[in-house]
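Report on the following structure.
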Amino acid sequence: MSIYAEISENLQKGKAKVVKELVQKAIDDGMPASEVLEQGLLDGMSVVGEKFKNNEVFVPEVLIAARALNAGVELLKPLLVEQGVKAKGKICIGTVKGDLHDIGKNLVKMMMEGRGLEVVDLGTDVSAEKYVQTAIDEGCQIICCSALLTTTMPVMKEVVEACENAGIRDKVKIMIGGAPVTDAYCKQIGADCYTPDAASAAEAAVAFCQG
Ligand code: B1M
(Lines give C-alpha, C1' and ligand atoms only; values in the text may rest on other atoms or scores of the structure.)
Protein backbone atom coordinates (compact mmCIF):
# COMPACT_ATOMS: atom_id res chain seq x y z
CA MET A 1 0.00 0.00 0.00
CA SER A 2 1.33 3.48 -0.88
CA ILE A 3 2.07 5.92 1.92
CA TYR A 4 -0.75 8.14 0.62
CA ALA A 5 -3.24 5.28 0.94
CA GLU A 6 -1.93 4.59 4.44
CA ILE A 7 -2.39 8.24 5.43
CA SER A 8 -5.91 8.26 3.96
CA GLU A 9 -6.95 5.04 5.71
CA ASN A 10 -5.56 6.05 9.10
CA LEU A 11 -7.21 9.47 8.81
CA GLN A 12 -10.54 7.76 8.14
CA LYS A 13 -10.01 5.77 11.34
CA GLY A 14 -9.16 8.97 13.22
CA LYS A 15 -5.65 7.82 14.19
CA ALA A 16 -4.08 11.26 14.62
CA LYS A 17 -0.76 10.03 16.01
CA VAL A 18 -0.22 7.53 13.16
CA VAL A 19 -1.28 10.11 10.56
CA LYS A 20 1.22 12.58 11.99
CA GLU A 21 4.02 9.97 11.87
CA LEU A 22 3.17 8.96 8.29
CA VAL A 23 3.03 12.57 7.10
CA GLN A 24 6.41 13.22 8.71
CA LYS A 25 7.80 10.09 7.00
CA ALA A 26 6.44 11.26 3.63
CA ILE A 27 8.07 14.67 4.15
CA ASP A 28 11.37 13.04 5.16
CA ASP A 29 11.22 10.79 2.06
CA GLY A 30 10.95 13.90 -0.10
CA MET A 31 7.30 13.50 -1.19
CA PRO A 32 5.81 16.81 -2.43
CA ALA A 33 3.70 18.45 0.31
CA SER A 34 0.86 19.17 -2.12
CA GLU A 35 0.66 15.46 -3.02
CA VAL A 36 0.71 14.40 0.64
CA LEU A 37 -2.15 16.85 1.24
CA GLU A 38 -4.27 15.98 -1.82
CA GLN A 39 -3.67 12.24 -2.19
CA GLY A 40 -3.33 11.43 1.51
CA LEU A 41 -5.13 13.77 3.88
CA LEU A 42 -7.82 15.28 1.65
CA ASP A 43 -8.54 11.95 0.02
CA GLY A 44 -9.22 10.48 3.48
CA MET A 45 -11.35 13.42 4.57
CA SER A 46 -13.46 13.31 1.43
CA VAL A 47 -14.23 9.62 2.08
CA VAL A 48 -15.32 10.58 5.62
CA GLY A 49 -17.38 13.48 4.25
CA GLU A 50 -19.15 11.20 1.78
CA LYS A 51 -19.87 8.60 4.47
CA PHE A 52 -21.19 11.34 6.77
CA LYS A 53 -23.48 12.58 4.01
CA ASN A 54 -24.84 9.03 3.61
CA ASN A 55 -25.28 8.50 7.37
CA GLU A 56 -22.61 5.77 7.41
CA VAL A 57 -20.55 7.65 10.03
CA PHE A 58 -21.66 10.25 12.55
CA VAL A 59 -20.53 13.44 14.27
CA PRO A 60 -17.94 11.88 16.65
CA GLU A 61 -16.17 10.01 13.83
CA VAL A 62 -16.09 13.19 11.74
CA LEU A 63 -14.63 15.21 14.61
CA ILE A 64 -11.96 12.55 15.29
CA ALA A 65 -11.03 12.33 11.60
CA ALA A 66 -10.83 16.12 11.45
CA ARG A 67 -8.43 16.09 14.39
CA ALA A 68 -6.20 13.65 12.49
CA LEU A 69 -6.44 15.87 9.40
CA ASN A 70 -5.37 18.90 11.43
CA ALA A 71 -2.42 16.99 12.92
CA GLY A 72 -1.13 16.25 9.40
CA VAL A 73 -1.92 19.70 8.00
CA GLU A 74 0.07 21.36 10.79
CA LEU A 75 3.22 19.57 9.59
CA LEU A 76 2.56 20.43 5.93
CA LYS A 77 1.54 24.07 6.34
CA PRO A 78 5.03 25.63 6.23
CA LEU A 79 5.99 23.50 3.21
CA LEU A 80 2.78 24.32 1.37
CA VAL A 81 3.40 28.03 1.87
CA GLU A 82 6.95 27.57 0.54
CA GLN A 83 5.67 25.67 -2.51
CA GLY A 84 3.16 28.42 -3.18
CA VAL A 85 0.17 26.08 -2.96
CA LYS A 86 -2.84 28.35 -2.68
CA ALA A 87 -6.18 27.60 -1.09
CA LYS A 88 -8.89 27.29 -3.72
CA GLY A 89 -10.76 30.25 -2.25
CA LYS A 90 -11.47 32.23 0.89
CA ILE A 91 -14.71 32.20 2.84
CA CYS A 92 -15.96 33.45 6.18
CA ILE A 93 -18.32 31.41 8.31
CA GLY A 94 -20.28 31.92 11.50
CA THR A 95 -23.43 31.03 13.38
CA VAL A 96 -25.85 33.95 13.15
CA LYS A 97 -26.60 36.51 15.86
CA GLY A 98 -28.55 35.14 18.83
CA ASP A 99 -27.54 31.56 18.04
CA LEU A 100 -24.87 29.65 19.96
CA HIS A 101 -25.10 26.26 18.21
CA ASP A 102 -21.72 25.64 16.60
CA ILE A 103 -21.29 21.89 16.10
CA GLY A 104 -22.70 21.93 12.55
CA LYS A 105 -20.88 25.16 11.69
CA ASN A 106 -17.60 23.63 12.85
CA LEU A 107 -18.20 20.58 10.68
CA VAL A 108 -18.87 22.76 7.66
CA LYS A 109 -15.65 24.65 8.40
CA MET A 110 -13.65 21.42 8.68
CA MET A 111 -15.04 20.04 5.44
CA MET A 112 -14.27 23.28 3.65
CA GLU A 113 -10.71 23.33 4.99
CA GLY A 114 -10.46 19.69 3.97
CA ARG A 115 -11.27 20.76 0.40
CA GLY A 116 -8.45 23.30 0.44
CA LEU A 117 -10.46 26.45 1.15
CA GLU A 118 -9.18 29.15 3.51
CA VAL A 119 -11.79 29.71 6.22
CA VAL A 120 -12.20 32.72 8.51
CA ASP A 121 -14.19 31.45 11.49
CA LEU A 122 -16.28 34.19 13.12
CA GLY A 123 -17.61 31.86 15.81
CA THR A 124 -21.18 32.17 17.06
CA ASP A 125 -23.60 35.08 17.62
CA VAL A 126 -22.40 36.88 14.48
CA SER A 127 -24.21 40.04 13.34
CA ALA A 128 -24.95 40.82 9.69
CA GLU A 129 -22.56 43.77 9.87
CA LYS A 130 -19.74 41.54 11.15
CA TYR A 131 -20.10 39.10 8.23
CA VAL A 132 -20.06 41.95 5.72
CA GLN A 133 -17.13 43.80 7.30
CA THR A 134 -15.11 40.58 7.44
CA ALA A 135 -15.87 39.74 3.81
CA ILE A 136 -14.63 43.22 2.81
CA ASP A 137 -11.55 43.24 5.09
CA GLU A 138 -10.48 39.66 4.31
CA GLY A 139 -11.50 39.57 0.64
CA CYS A 140 -13.81 36.58 1.05
CA GLN A 141 -15.62 35.20 -2.01
CA ILE A 142 -18.31 33.56 0.12
CA ILE A 143 -20.18 34.38 3.35
CA CYS A 144 -21.47 31.23 5.10
CA CYS A 145 -24.25 31.49 7.68
CA SER A 146 -25.40 28.71 9.96
CA ALA A 147 -28.57 28.86 12.09
CA LEU A 148 -30.20 26.21 14.29
CA LEU A 149 -33.09 28.20 15.70
CA THR A 150 -36.18 29.29 13.80
CA THR A 151 -35.94 32.56 15.74
CA THR A 152 -32.44 33.32 14.43
CA MET A 153 -32.98 32.39 10.77
CA PRO A 154 -34.13 35.95 9.87
CA VAL A 155 -30.57 37.18 10.53
CA MET A 156 -29.68 35.46 7.25
CA LYS A 157 -32.01 37.84 5.42
CA GLU A 158 -30.27 40.72 7.23
CA VAL A 159 -26.95 39.44 5.85
CA VAL A 160 -28.31 39.54 2.28
CA GLU A 161 -29.59 43.10 2.86
CA ALA A 162 -26.36 44.23 4.53
CA CYS A 163 -24.38 42.98 1.51
CA GLU A 164 -26.70 44.93 -0.80
CA ASN A 165 -26.37 48.08 1.33
CA ALA A 166 -22.57 47.77 1.42
CA GLY A 167 -22.49 47.43 -2.40
CA ILE A 168 -20.81 43.99 -2.33
CA ARG A 169 -23.78 41.78 -3.24
CA ASP A 170 -22.44 41.08 -6.74
CA LYS A 171 -18.99 40.23 -5.37
CA VAL A 172 -19.85 37.66 -2.68
CA LYS A 173 -21.92 34.51 -2.68
CA ILE A 174 -24.07 33.88 0.39
CA MET A 175 -24.44 30.26 1.51
CA ILE A 176 -26.83 29.24 4.26
CA GLY A 177 -27.58 26.10 6.24
CA GLY A 178 -28.58 24.56 9.55
CA ALA A 179 -31.34 22.16 10.62
CA PRO A 180 -34.37 24.50 10.22
CA VAL A 181 -33.12 26.12 7.00
CA THR A 182 -34.55 25.05 3.62
CA ASP A 183 -33.95 25.67 -0.06
CA ALA A 184 -37.29 27.50 -0.22
CA TYR A 185 -36.12 29.84 2.56
CA CYS A 186 -32.87 30.44 0.68
CA LYS A 187 -34.80 31.51 -2.43
CA GLN A 188 -37.22 33.58 -0.34
CA ILE A 189 -34.46 35.72 1.20
CA GLY A 190 -32.35 35.98 -1.96
CA ALA A 191 -29.31 34.01 -0.72
CA ASP A 192 -27.29 32.06 -3.28
CA CYS A 193 -27.15 28.52 -1.99
CA TYR A 194 -28.63 26.21 0.64
CA THR A 195 -27.02 22.85 1.35
CA PRO A 196 -28.35 20.32 3.85
CA ASP A 197 -25.01 19.01 5.14
CA ALA A 198 -21.36 19.87 5.61
CA ALA A 199 -19.98 17.79 2.73
CA SER A 200 -22.31 19.32 0.14
CA ALA A 201 -21.62 22.79 1.58
CA ALA A 202 -17.90 22.24 0.94
CA GLU A 203 -18.61 20.93 -2.56
CA ALA A 204 -20.76 23.96 -3.38
CA ALA A 205 -18.18 26.38 -1.97
CA VAL A 206 -15.39 24.86 -4.08
CA ALA A 207 -17.65 25.11 -7.16
CA PHE A 208 -18.36 28.80 -6.43
CA CYS A 209 -14.67 29.57 -5.95
CA GLN A 210 -13.69 27.81 -9.18
CA GLY A 211 -16.53 29.31 -11.21
CO1 B1M B 1 -30.28 23.60 21.05
N2 B1M B 1 -31.97 23.59 20.07
N3 B1M B 1 -30.97 25.14 22.10
N4 B1M B 1 -28.67 23.42 22.08
N5 B1M B 1 -30.05 21.98 20.18
C6 B1M B 1 -32.06 22.62 18.97
C7 B1M B 1 -31.60 23.25 17.66
C8 B1M B 1 -33.60 22.28 18.97
C9 B1M B 1 -34.15 21.80 17.61
C10 B1M B 1 -33.89 21.25 20.09
C11 B1M B 1 -35.35 20.94 20.18
O12 B1M B 1 -36.08 21.65 20.79
N13 B1M B 1 -35.78 19.86 19.58
C14 B1M B 1 -34.22 23.64 19.44
C15 B1M B 1 -34.58 24.64 18.33
C16 B1M B 1 -36.06 24.73 18.09
C17 B1M B 1 -36.35 25.69 17.00
O18 B1M B 1 -35.84 26.76 16.91
N19 B1M B 1 -37.23 25.27 16.15
C20 B1M B 1 -33.13 24.14 20.33
C21 B1M B 1 -33.31 25.10 21.37
C22 B1M B 1 -34.76 25.57 21.58
C23 B1M B 1 -32.26 25.59 22.16
C24 B1M B 1 -32.34 26.62 23.27
C25 B1M B 1 -33.26 27.83 23.00
C26 B1M B 1 -32.76 25.85 24.54
C27 B1M B 1 -33.01 26.74 25.74
O28 B1M B 1 -32.10 27.32 26.26
N29 B1M B 1 -34.25 26.80 26.10
C30 B1M B 1 -30.87 27.04 23.42
C31 B1M B 1 -30.53 28.22 22.52
C32 B1M B 1 -29.16 28.76 22.78
C33 B1M B 1 -28.79 29.75 21.70
O34 B1M B 1 -28.32 29.34 20.67
N35 B1M B 1 -29.04 31.01 21.94
C36 B1M B 1 -30.18 25.80 22.97
C37 B1M B 1 -28.93 25.42 23.42
C38 B1M B 1 -28.26 24.27 23.04
C39 B1M B 1 -26.96 23.77 23.66
C40 B1M B 1 -26.02 24.86 24.11
C41 B1M B 1 -27.30 22.90 24.83
C42 B1M B 1 -26.42 22.82 22.55
C43 B1M B 1 -25.50 23.51 21.57
C44 B1M B 1 -24.03 23.17 21.79
C45 B1M B 1 -23.19 23.70 20.68
O46 B1M B 1 -23.59 23.82 19.51
N47 B1M B 1 -21.95 24.01 21.05
C48 B1M B 1 -27.70 22.47 21.82
C49 B1M B 1 -27.85 21.34 20.98
C50 B1M B 1 -26.65 20.40 20.91
C51 B1M B 1 -29.02 21.12 20.22
C52 B1M B 1 -29.38 19.88 19.39
C53 B1M B 1 -29.72 18.78 20.38
C54 B1M B 1 -28.34 19.35 18.44
C55 B1M B 1 -27.80 20.39 17.44
C56 B1M B 1 -26.58 19.83 16.75
O57 B1M B 1 -25.46 20.19 17.09
N58 B1M B 1 -26.78 18.89 15.80
C59 B1M B 1 -30.64 20.41 18.59
C60 B1M B 1 -31.67 19.31 18.37
C61 B1M B 1 -31.46 18.61 17.05
O62 B1M B 1 -31.03 19.22 16.09
N63 B1M B 1 -31.79 17.38 17.03
C64 B1M B 1 -31.02 21.62 19.30
C65 B1M B 1 -25.69 18.22 15.11
C66 B1M B 1 -25.17 19.12 13.99
C67 B1M B 1 -24.05 18.37 13.28
O68 B1M B 1 -26.22 19.35 13.07
O69 B1M B 1 -26.12 21.86 13.37
O70 B1M B 1 -27.92 20.77 11.95
P71 B1M B 1 -26.54 20.79 12.46
O72 B1M B 1 -25.56 20.91 11.22
C73 B1M B 1 -25.64 20.07 10.10
C74 B1M B 1 -26.49 20.63 8.97
O75 B1M B 1 -27.58 21.40 9.41
C76 B1M B 1 -25.51 21.39 8.14
O77 B1M B 1 -24.29 20.71 8.30
C78 B1M B 1 -24.22 20.06 9.55
C79 B1M B 1 -23.62 18.69 9.35
O80 B1M B 1 -24.08 18.02 8.25
N81 B1M B 1 -25.23 22.79 8.36
C82 B1M B 1 -24.93 23.61 7.33
C83 B1M B 1 -25.13 23.50 9.48
N84 B1M B 1 -24.78 24.76 9.22
C85 B1M B 1 -24.63 24.86 7.89
C86 B1M B 1 -24.25 25.91 7.07
C87 B1M B 1 -24.18 25.70 5.69
C88 B1M B 1 -24.50 24.47 5.16
C89 B1M B 1 -24.87 23.40 5.96
O90 B1M B 1 -23.83 26.64 4.81
C91 B1M B 1 -23.29 27.82 5.26
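Being a predicted model, the structure only gives us computed values, none of them experimental. Counting convention: from 1, in listed order, for ligands and their atoms alike.
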Give the numbers and elements of all ligand 1 atoms closer than 4.0 Å to a heavy atom of [X].
X    : result
A201 : 88 (C)
D99  : 34 (O)
F52  : 79 (C), 80 (O)
T195 : 88 (C), 89 (C)

Do you see a donor-acceptor pair shorter than 3.5 Å between the side chains of [X] and [Y]?
X    : Y    : result
D28  : Q24  : yes
S46  : E50  : no
S200 : D197 : yes

Would you mind telling me if ligand 1 is within reach of the side chain of [X], the backbone, both or neither, using heavy atoms under 4.0 Å?
X    : value
Y194 : neither
P180 : neither
T151 : neither
A179 : both

* Asked: Looking at CG of L148 and OG1 of T124, how far apart are the two atoms once the value is rounded to the nearest 0.5 Å?
  ->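 One finds 11.5 Å between CG of L148 and OG1 of T124.
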* **Test item: Y185 side-chain N/O and M153 main-chain N/O as donor-acceptor pair under 3.5 Å** =>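 Here the side-chain-to-backbone pair exists.
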* D125 side chain vs K97 backbone, donor-acceptor pair below 3.5 Å ->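 Not confirmed, D125 side chain does not pair with K97 backbone.
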Within-cutoff protein neighbour (heavy atom, under 4.0 Å) for [atom]:
atom                    : value
atom 59 (C) of ligand 1 : no
atom 45 (C) of ligand 1 : yes
atom 48 (C) of ligand 1 : yes
atom 40 (C) of ligand 1 : no
atom 76 (C) of ligand 1 : yes
atom 87 (C) of ligand 1 : yes
atom 28 (O) of ligand 1 : no
atom 79 (C) of ligand 1 : yes

Do [X] and [Y] have side chains that get closer than 4.5 Å, going by heavy atoms?
X    : Y    : result
N106 : D121 : yes
E38  : D43  : no
V181 : C186 : no
M111 : V62  : yes
T182 : Q188 : no
I142 : V172 : no
M31  : I3   : yes

Considering only the protein, which heavy-atom contact is closest to [atom], and what is its distance?
atom                    : value
atom 33 (C) of ligand 1 : L100 N, 3.5 Å
atom 81 (N) of ligand 1 : G178 N, 3.6 Å
atom 67 (C) of ligand 1 : L107 CD1, 3.6 Å
atom 3 (N) of ligand 1  : H101 NE2, 3.0 Å
atom 14 (C) of ligand 1 : L149 CD2, 4.2 Å
atom 50 (C) of ligand 1 : I103 CD1, 4.3 Å
atom 62 (O) of ligand 1 : L148 CD1, 4.5 Å
atom 35 (N) of ligand 1 : G98 O, 3.0 Å

* To do: Have a look at G104, S146, C186, A202 and point out the one with the heavy atom closest to atom 71 (P) of ligand 1.
  =>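 Going through G104, S146, C186, A202 one by one, G104 has the nearest heavy atom to atom 71 (P) of ligand 1.
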* **Minimum heavy-atom distance I93-I91, with the two atoms named** =>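 Distance-wise, the nearest heavy atoms are CB-CD1, 4.1 Å.
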* Heavy-atom closest pair, residues L69 and M45 ->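 Smallest interatomic distance, heavy atoms only, reads CD2-CG, 4.0 Å.
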* To do: Report yes if some N/O of M175 lies less than 3.5 Å from some N/O of ligand 1; otherwise report no.
  =>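 Not met; the criterion fails.
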* Asked: Contact between A147 and ligand 1, counting heavy atoms under 4.0 Å?
  ->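 So A147 does not count as touching ligand 1.
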* Please check if I136 and Y131 belong to a single hydrophobic cluster, counting links between Ile, Leu, Val, Met, Phe, Trp and Tyr side chain heavy atoms closer than 4.5 Å. =>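 Yes: a chain of side-chain contacts under 4.5 Å links I136 to Y131.
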